[in-house]
There are 2 protein chains.
Amino acid sequence: MSVDTRWLTSEQLATWVRLAAVLELLPATLDSQLRRDAELTHFDYYVLAMLSEAPEHTLRMTALAERTTATLARLSHVVQRLEGRGLLERFPCPEDRRATNARLTEAGWQKVQDSAPGHVAIVREKVIDALSPEQVTQLGEITGAILRRLDPDGDRAAIYQRYSPPGDS
Amino acid sequence: MSVDTRWLTSEQLATWVRLAAVLELLPATLDSQLRRDAELTHFDYYVLAMLSEAPEHTLRMTALAERTTATLARLSHVVQRLEGRGLLERFPCPEDRRATNARLTEAGWQKVQDSAPGHVAIVREKVIDALSPEQVTQLGEITGAILRRLDPDGDRAAIYQRYSPPGDS
DNA sequence: ACGCGTAGGTTGTAGCTACAACCAATTGGG
DNA sequence: CCCAATTGGTTGTAGCTACAACCTACGCGT
């Protein structure tokens with residue numbers, strides 16, 4: 001039997017099964033809170049949140065895609081819908097005529113500020129407050145290690161940067 | 001400002017941002033490997049894998065839903081498709097005429113055995129082998145703690161049980 | 001033995017994502 | 001300069017999921 005077919009030890013397996021369950025349940029939980037309270041998917045929220053932290057509340061599509069860990073195609077569809085709802089607007093980038101900028105509208109900025117507290121509350125409740133401070137540190141290191149495998153070039157590792165409260169200006 | 005609106009410390013935030021990225025990238029990675037190599041989604045795979053461990057390769061829909069962390073509605077759609085592909089079959093449960101059993105066909109059993117090694121390999125590559133043994137232990141505890149918050153009744157915690165290699169009889 | 005609440009599932013549909021195809025602008029090599 | 005490759009982005013579509021509505025069977029209280 002080749003090395004690729006090694007199975008997992010029972011401890012590794014127990015960990016993996018739990019992780020798989022978290023992968024399934026946590027996004028669903030976040031989505032339904034935001035949908036119910038703000039009519040936003042978790043991904044929609046992240047798009048708005050990343051814009052809210054950017055200078056001028058503006059980012060190029062490519063930069064926004066990196067920060068939200070999404071493909072450009074997906075982002076394009078989502079941005080189109082958010083634009084239709086008046087939460088952001090697109091305009092051609094002056095420096096590079098291939099590029100498109102996305103900018104938060106006033107309504108979009110308001111939406112982020114309104115929905116942030118509820119989102120943060122559920123993240124605390126389901127994740128942060130479930131763990132000891134040491135575990136939070138451990139989880140940070142563990143997810144960092146996994147991300148390096150998932151995304152070795154760190155294209156999407158712009159994400160590792162700071163992230164501050166919208167409205168905190 | 002109420003207690004609900006507390007933001008996160010920068011360390012908590014760094015952890016959360018990384019976790020969010022893993023939540024986005026890891027399922028996509030698993031899905032695409034299985035789709036490419038076995039024409040199965042990650043969820044399809046889990047359905048087949050859970051059946052493969054059950055006595056007679058058979059489970060009630062409800063039991064299968066618990067083990068796969070899914071809603072019954074979702075499972076029903078997925079099982080319908082898998083049945084159409086000949087990988088499993090449904091039949092009414094003799095003891096309770098409301099209930100439906102799902103049973104792996106020979107082709108389904110073969111599919112699980114064929115696709116398991118590739119799936120395990122990517123789980124090792126992206127998760128297990130990215131971590132030290134201590135980190136695997138830590139991650140097991142951390143995900144356990146999060147799951148207790150996500151699913152307090154532990155309805156879906158049947159998952160916490162053992163999970164052995166298909167084909168290992 | 002009847003009614004009502006619940007358990008077990010299925011189905012319809014709107015909406016989101018992945019994948020592939022496509023197009024326009026930019027850049028670099030000869 | 002010019003064209004080939006690359007970058008930046010959009011669009012069409014098939015397929016999966018969530019949510020709600022619905023149906024049948026079971027079981028308990030009276």
Side-chain angles (χ1 to χ4, degrees), chain A residues 23-37 39-47 58-85 88-102 153 155-156, chain B residues 23-47 58-85 88-102 153 155:
Chain A
L23 254 30
E24 200 64 54
L25 293 176
L26 188 49
T29 301
L30 299 177
D31 259 351
S32 72
Q33 182 270 325
L34 279 167
R35 251 184 227 278
R36 181 166 35 78
D37 297 347
E39 303 199 298
L40 249 32
T41 63
H42 184 221
F43 186 72
D44 290 339
Y45 176 83
Y46 257 77
V47 169
T58 303
L59 282 174
R60 286 197 193 179
M61 292 295 283
T62 300
L64 189 50
E66 279 173 7
R67 283 170 174 69
T68 55
T69 326
T71 63
L72 219 32
R74 179 183 180 189
L75 182 64
S76 184
H77 284 297
V78 170
V79 162
Q80 186 179 328
R81 279 170 235 143
L82 293 174
E83 185 173 34
R85 293 169 62 183
L88 56 76
E89 53 198 353
R90 280 186 286 192
F91 60 96
C93 176
E95 293 96 3
D96 184 339
R97 289 193 307 178
R98 291 170 300 182
T100 305
N101 283 337
D153 310 330
D155 285 355
R156 318 213 185 266
Chain B
L23 253 30
E24 200 65 53
L25 293 176
L26 189 49
T29 301
L30 300 176
D31 259 351
S32 71
Q33 181 271 325
L34 279 168
R35 249 184 229 278
R36 181 166 36 78
D37 298 346
E39 302 199 297
L40 248 33
T41 64
H42 185 223
F43 185 72
D44 290 339
Y45 176 83
Y46 256 77
V47 168
T58 302
L59 283 174
R60 285 197 194 179
M61 292 294 284
T62 299
L64 190 50
E66 279 174 7
R67 283 170 174 69
T68 55
T69 326
T71 62
L72 218 31
R74 179 183 181 189
L75 183 63
S76 183
H77 285 296
V78 170
V79 162
Q80 186 179 328
R81 280 171 235 144
L82 293 174
E83 185 173 36
R85 294 169 61 184
L88 57 76
E89 55 197 351
R90 281 187 283 192
F91 61 95
C93 176
E95 294 96 3
D96 184 339
R97 289 193 308 178
R98 292 170 300 181
T100 304
N101 283 338
D153 310 331
D155 284 355

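Lettering follows sequence order; numbering is per chain, from 1.
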Assign [X] to base, sugar-phosphate, or nothing according to its heavy-atom contacts below 4.0 angstrom with the strands shown.
| X | result |
| --- | --- |
| B/D96 | sugar-phosphate |
| A/S76 | base |
| A/A28 | nothing |

**OP:** Could you pick out which residue, B/R97 or A/R35, lies toward the 5' side of DNA chain D when each is mapped onto its nearest nucleotide?
**Re:** A/R35
**OP:** Taking only the side-chain heavy atoms of B/A73 (C-beta and beyond), determine which of C/dT11, D/dT10, D/dT13 contains the nearest atom.
**Re:**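 Nearest to the side-chain atoms of B/A73, counting from C-beta on, is C/dT11.
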Subject >> Closest to side chain of A/M61, choosing from C/dG8, D/dT10, C/dA18 >> reply: D/dT10
Subject >> A/L59: which of A/T68, A/L64, A/N101, A/V47 passes side-chain contact (heavy atoms from CB on, under 4.5 Å) >> reply: A/L64
**OP:** Check if the side chain of A/H77 and the base of C/dG15 share a donor-acceptor pair of N or O atoms closer than 3.5 Å.
**Re:** no
From [atom1] of [X] over to [atom2] of [N], roughly how many Å is that when rounded to an integer?
| X | N | atom1 | atom2 | answer |
| --- | --- | --- | --- | --- |
| A/E39 | C/dG15 | CD | P | 11 Å |
| A/E66 | D/dT7 | CD | P | 12 Å |
| B/R98 | C/dA7 | CZ | C1' | 5 Å |
| B/E83 | C/dG9 | CD | P | 14 Å |
| B/L75 | D/dC16 | CG | P | 14 Å |
| A/F91 | D/dG8 | CZ | P | 17 Å |
| B/L30 | C/dA18 | CG | P | 13 Å |
| B/R60 | C/dA7 | CZ | C1' | 11 Å |

Original post:
Is it true that a side-chain atom of A/D31 and a backbone atom of A/H42 form a donor plus acceptor pair closer than 3.5 Å?
Top reply: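 Between the backbone of A/H42 and the side chain of A/D31 there is a qualifying donor-acceptor contact (under 3.5 Å).
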**OP:** Could you say whether B/T100 or A/E95 is positioned toward the 5' end of DNA chain C, judged by the nucleotide with the nearest heavy atom to each?
**Re:**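 Between the two, 5'-proximity favours B/T100.
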Original post:
Any side-chain heavy-atom pair from B/Y46 and B/T69 closer than 4.5 angstrom?
Top reply: no
Original post:
A/S76 versus A/R90: any side-chain heavy-atom pair under 4.5 Å?
Top reply: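 A/S76 vs A/R90: side chains touch.
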Subject >> Inter-residue atom distance A/R98.CZ - A/R60.CZ, 0.5 Å rounding >> reply: 8.5 Å
Should [X] be listed as having a side-chain N or O under 4.0 Å from OP1 or OP2 of [N]?
| X | N | value |
| --- | --- | --- |
| B/R90 | C/dG8 | no |
| A/Q80 | D/dT11 | yes |
| B/R81 | D/dT17 | yes |

